[in-house]
Novice: 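This is the structure I want to talk about, given as structure tokens.
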2 protein chains.
Amino acid sequence: MKPGERIRADIEGRIRSGEWKPGDRIPFEHELVRSYGCSRATVSKALEMLARAGLIERRRKAGSFVAHPRVHSAVLEVPDLAKVVAERGLAYRWQRLKREVQDGNVVVTGLHHAGDEPYCIEQREISLAAVPEAEAETFADEAPGTWLLKRVPWSEARHRISAVMPTAAEARLLGIPRTACLRIERWTWRGGDPVTSVSQLFPGDRHDLVADFAPGA
Amino acid sequence: MKPGERIRADIEGRIRSGEWKPGDRIPFEHELVRSYGCSRATVSKALEMLARAGLIERRRKAGSFVAHPRVHSAVLEVPDLAKVVAERGLAYRWQRLKREVQDGNVVVTGLHHAGDEPYCIEQREISLAAVPEAEAETFADEAPGTWLLKRVPWSEARHRISAVMPTAAEARLLGIPRTACLRIERWTWRGGDPVTSVSQLFPGDRHDLVADFAPGA
DNA sequence: CAGTGGTCTAGACCACGCA
DNA sequence: GCGTGGTCTAGACCACTGG
């Protein structure tokens, strides 16, 4: 095992095992340099990785300390619907219901189907200022999310997840009684300018979100 | 500005602006060493930070490339309920409803209140194998989540978020009609051994989850 | 098999923050 | 002040992998 990796694994193990508890100071860099017989850059890099992973906090003059666990944070994956449906072994289909232009946005409404059943109602706005090519696009055959993925580079996003009752019209579209639905809203910007926003509505019994959290992994 | 930071900001800017698109190769390390007039370690560290942030991918022999954006991932914060309630300017209160021991687990059911209204039903199991001190704890005055935070070191967790209809009994406890609720379930392990699991049920109109995503931030 | 990134050494100066 | 981590230089060897 490489020296840096060994140092990192050693310390991480002592933290995860509980041998070193939140708040404890871990050895100074120069002490680790001596005990592991390697250069300071190597030790420093190992500690930096642990700090990035959130396992330790580093303070000048004071040293490095085992961090107190964050209350709870997790990486939430909001995957491509076509992929989710395919992984369940069902046929995926996009059905556009409406497309119009309003206030400089293309507004598209449609249904994602899994097998023969409706799976999600999507309402999306795309800013023509940010994505002028959207003007010429019908979104009849391809969901706007999939289309956008190919064109839009890196961006920032905010998600909001809530539980709502569907309106009568929404329940009819989804082919379900008026029962709890999961709503995922997402707003996307690039450089502060809005790119797109989307609201997706899922029958509560057919969709959920899973988020894993393994610090340092 | 420090050299490493400048290199990083430069490249990040070109990616975020769209000047360098997903799939584009960025200059080799040795080219950046020449053009910025600094050491390879500095360049390497800057690129490594960008790689960790997910903005670039590095491949031996081939070079470093602007990454294709992940479909959607976001950091979901699942904060302490007492804190959430306090931030809304409401009084927080925990009310234990039941505590029993079953199959080596302490099972606690209770209500989180915001102001004078019920805010969340919590059902929790705590493994006595992982947390033996829980045996002596009544959880009458302190919610088990808060209590655990102080005692349990680093752990892994999985979250599941779904929309459900409350049972009649749940609706009565929450003081709401039978309308959509958000359910958050969380399973926690340490070193592969289960520590605790919890199911929280919120009235859909009183709680939602927000997750931000700014790659590299 | 040549060139890339991955990792390492052995030094150095600096900025911060506690005393 | 002074010791800590933060950052940097100028080298070096190695492992992987694409051409």
Side-chain angles (χ1 to χ4, degrees), chain A residues 1-15 20-70 154 215-217, chain B residues 1-15 20-70 154 215-217:
Chain A
M1 188 178 285
K2 280 164 274 186
E5 195 182 341
R6 183 170 156 238
I7 298 172
R8 181 181 170 280
D10 262 23
I11 296 174
E12 185 169 339
R14 294 188 198 229
I15 293 175
W20 290 349
K21 297 191 171 48
D24 288 356
R25 186 178 66 70
I26 74 174
F28 293 125
E29 289 193 353
H30 64 79
E31 294 174 323
L32 293 168
V33 164
R34 270 200 300 109
S35 57
Y36 283 95
C38 62
S39 76
R40 201 189 139 211
T42 305
V43 167
S44 180
K45 192 168 183 181
L47 293 186
E48 193 198 325
M49 288 175 74
L50 291 169
R52 277 186 175 268
L55 283 175
I56 66 172
E57 283 175 12
R58 315 188 70 188
R59 294 206 298 273
R60 280 171 159 126
K61 170 70 183 179
S64 298
F65 299 80
V66 179
H68 289 83
R70 322 249 315 95
W154 284 91
Chain B
M1 186 180 286
K2 279 164 273 186
E5 195 181 341
R6 185 172 154 236
I7 297 172
R8 181 180 172 284
D10 262 24
I11 296 174
E12 186 169 338
R14 293 187 200 231
I15 293 175
W20 290 348
K21 297 192 170 46
D24 288 358
R25 187 179 64 71
I26 74 175
F28 294 125
E29 289 193 355
H30 65 79
E31 294 174 322
L32 294 169
V33 164
R34 272 199 299 108
S35 58
Y36 283 94
C38 62
S39 76
R40 199 188 141 210
T42 305
V43 167
S44 180
K45 192 168 182 180
L47 293 186
E48 194 197 325
M49 288 174 73
L50 291 168
R52 279 189 173 265
L55 282 175
I56 65 171
E57 282 175 13
R58 315 189 70 189
R59 294 207 300 271
R60 282 176 161 120
K61 170 73 182 181
S64 298
F65 299 80
V66 179
H68 290 83
R70 320 244 323 93
W154 284 92

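All chains are named by letter (A, B, ...) in the order of the sequence lines, taking the proteins before the strands, and each is independently numbered beginning at 1. Just the heavy atoms: all of them, side chains too, but no hydrogens, waters or symmetry mates, feed the values below.
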Novice: Are more than 12 heavy atoms from other residues, nucleotides or ligands located less than 6.0 Å from atom CZ of A/Arg25?
Specialist: yes

Novice: Which residue pairs pass the ring pair (Phe, Tyr, Trp, His ring centres under 6.0 Å) test with at least one member in residues 33-70 of chain A, sequence neighbours excluded?
Specialist: none

Novice: If the condition is ring pair (Phe, Tyr, Trp, His ring centres under 6.0 Å), which residues does A/Phe28 pass it with, not counting sequence neighbours?
Specialist: A/His30

Novice: Distance check needed: D/dG6 P versus B/Glu5 CD, whole Å only.
Specialist: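 After rounding, the gap between these two atoms is 14 Å.
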
Novice: Evaluate side-chain contact (heavy atoms from CB on, under 4.5 Å) for B/Leu32 paired with B/Ile11, printing each intermediate quantity in order.
Specialist: CA-CA 10 Å; B/Leu32 294 169; B/Ile11 296 174; 4.1 Å; yes

Novice: Test of understanding: with side chain to side chain contact (heavy atoms under 4.5 Å, CB included), list the residues that count as partners of A/Ala51, not counting sequence neighbours.
Specialist: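 If we apply the side chain to side chain contact (heavy atoms under 4.5 Å, CB included) test to A/Ala51, skipping adjacent residues, the hits are A/Ile56, A/Arg58.
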
Novice: With salt bridge (charged side-chain N to carboxylate O under 4.0 Å, His left out) as the rule and sequence neighbours excluded, what pairs involving residues 40-52 of chain B come up?
Specialist: A/Lys45-B/Glu48, A/Glu48-B/Lys45, B/Glu29-B/Arg40, B/Glu48-B/Arg52

Novice: Nearest whole Å is fine: how far is D/dG5 P from B/Lys2 NZ?
Specialist: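 That distance rounds to 16 Å.
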
Novice: Please write out each protein N/O paired with an N/O of nucleotides 16-19 of chain C under 3.5 Å, distance rounded to 0.1 Å.
Specialist:
none

Novice: If you check every side-chain atom of B/Ser64, which of C/dC8, C/dG5, D/dC8 has the closest atom?
Specialist: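 For the B/Ser64 side chain, the nearest candidate turns out to be C/dG5.
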
Novice: Rounded to whole angstrom units, what separation is found between the CE atom of A/Met1 and the P atom of D/dA15?
Specialist: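 About 16 Å, once rounded to whole Å.
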
Novice: Counting heavy atoms from C-beta on, name the nucleotide in C/dG6, C/dA10, D/dG5 closest to the side chain of B/Arg58.
Specialist: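 Given the options C/dG6, C/dA10, D/dG5, the side chain of B/Arg58 is closest to C/dG6.
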
Novice: How would you list, by chain and number, every residue that makes a side chain to side chain donor-acceptor pair (under 3.5 Å) with A/Arg14, sequence neighbours excluded?
Specialist: A/Glu19

Novice: Can a donor-acceptor pair be found, under 3.5 Å and without considering hydrogens, that links the side chain of A/Trp154 to the backbone of B/Ala67?
Specialist: yes

Novice: Among B/Leu50, B/Leu47, B/Leu55, B/Val43, which one satisfies side chain to side chain contact (heavy atoms under 4.5 Å, CB included) with B/Arg8?
Specialist: B/Leu50

Novice: Could you identify which residues of residues 24-35 of chain B place a heavy atom less than 4.0 Å from some atom of DNA chain C, listed by residue number, or say none?
Specialist: B/Phe28, B/Glu29, B/His30

Novice: Applying side chain to side chain contact (heavy atoms under 4.5 Å, CB included), can you list everything that pairs with B/Ser39, at least two apart in sequence or on another chain?
Specialist: B/Ala41, B/Thr42

Novice: Using a cut-off of strictly less than 4.0 Å between a heavy atom of the residue and any atom of DNA chain C, enumerate the qualifying residues of residues 40-49 of chain B by number.
Specialist: B/Arg40, B/Ser44

Novice: Whole-Å distance between D/dT7 C1' and B/Tyr36 OH?
Specialist: 17 Å

Novice: Roughly, in whole Å, what's the span from CZ in B/Arg6 to P in D/dC8?
Specialist: 12 Å

Novice: Among all residues two or more places apart in sequence or in another chain, which pass the side chain to side chain donor-acceptor pair (under 3.5 Å) test with A/Arg59?
Specialist: none

